[in-house]
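If you're wondering where the values come from, they're calculated on a predicted model, not measured in any experiment.
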Amino acid sequence: MNIYWDLFRTFFKIGIFTLGGGYAMIPLIEEEVVNRHQWVSKEEMLDLIAIAQSCPGVFAINIAIFIGYKLHKTQGAIATAFGTALPSFLIILAIAIFFAAFKDNPVIAALFRGIRPAVVALIAVPTFRMAQSAKIGWTNCWIPIVSAIAIWLLGVSPIYIILIAGLGGYLYGMYIKPTES
């Protein structure tokens, strides 16, 4: 079978069955790319997620491009990017065409209210998996908690959190970690 078609089809399937954005796609991408096809290892997947998060643009498209490029350079990246983006485009197009007809329908409104908790769970699961892979435990779990509180309650810019975390990681790696060994 054509590998580009396989990449497109895999990411199209991921894109069509994901509600809640790119972060909700992580479990599906991991299942398909790491477990089923074994295109990348779990460690590589964690690295790709970190890189995709740090790049501007849509997270789901970024990670798809990185996986496609890793596997088959530019053509692989194009196949995975289109596979990821096309379902969302088609769904939004259909919603735009038919929105006026069902915008006040109570069944549709109830459906969307029911989907919200599932989307939260789809985002929470990869967060906990990434925390485990990143070796976040009881001794350092305060870092993401304090960061989230600073952003959420205090209105601190995420850019400052990233800069402080980077500086902290650098200082830890340069001065504290070598003395622990």
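The stretch residues 61-93 participates, sequence neighbours left out, in these ring-ring contact (aromatic ring centres under 6.0 Å, His included) pairs: Tyr4-His72. Within the structure, ring-ring contact (aromatic ring centres under 6.0 Å, His included) pairs that include any residue of residues 27-54 comprise His37-Trp39 (at least two apart or interchain).
Residues Met25 and Leu46 share a hydrophobic cluster, clusters being chains of Ile/Leu/Val/Met/Phe/Trp/Tyr side chains in contact below 4.5 Å. Tracing side-chain contacts under 4.5 Å through hydrophobic residues (I, L, V, M, F, W, Y), one reaches Leu90 starting from Ile16; they form part of the same cluster. No continuous path of ILVMFWY side-chain contacts below 4.5 Å connects Ile92 to Ile108, so the two sit in separate hydrophobic clusters. Under the 4.5 Å side-chain contact rule for hydrophobic residues, Phe98 and Leu93 share a cluster. Hydrophobic clustering of Ile, Leu, Val, Met, Phe, Trp and Tyr side chains at less than 4.5 Å, counting indirect connections, keeps Ile164 apart from Ile145.
By the 4.5 Å heavy-atom criterion applied to side chains, Leu86 and Phe8 are counted as neighbours. Within the 4.5 Å cutoff, the side chain of Ile63 has heavy atoms near those of the Met45 side chain. Residues Leu167 and Leu171 meet the side-chain proximity criterion, which asks for heavy atoms closer than 4.5 Å. Between Phe12 and Thr84 the shortest side-chain heavy-atom distance does not fall below 4.5 Å. With a 4.5 Å cut-off on side-chain heavy atoms, Asn35 and Lys42 count as touching.
Interatomic distance, CG of Asp47 versus OG of Ser41, reported as 8.0 Å (0.5 Å rounding). Taken from CG in Leu7 to CD in Gln75, the straight-line distance is 11.0 Å, to the nearest 0.5 Å. For the atom pair CD1 (Ile151) and OG (Ser147), the distance works out to 6.0 Å, reported to the nearest 0.5 Å. Summarising the geometry, atom CZ belonging to Arg9 is positioned 11.5 Å from atom CD1 belonging to Ile14; distances are rounded to the nearest 0.5 Å. To the nearest 0.5 angstrom, Leu28 atom CG is 11.5 Å from Thr10 atom OG1.
Nearest heavy-atom pair across Ile161 and Ala150 is CD1-CB, 4.0 Å. When all heavy atoms of Ile49 and Phe59 are compared, the closest pair comes out as O-CE1, 3.8 Å. Closest non-hydrogen pair, Pro87 versus Gly15, comes out as CB-C, 3.7 Å. Counting all heavy atoms, side chain and backbone alike, Ile61 lies closest to Ala85 at CD1-CB, 3.6 Å. The minimum heavy-atom distance between Ala81 and Ala64, with the atom names listed, is N-CB, 4.4 Å.
The environment of CD1 in Ile159 is sparse: at most 12 heavy-atom neighbours from other residues, nucleotides or ligands sit within 6.0 Å.
In this structure, the side chain of Thr80 engages the main chain of Ala77 through a donor-acceptor pair within 3.5 Å.
Under 4.0 Å is where a charged nitrogen must lie from a carboxylate oxygen, and between Lys13 and Glu32 at least one such pair does.
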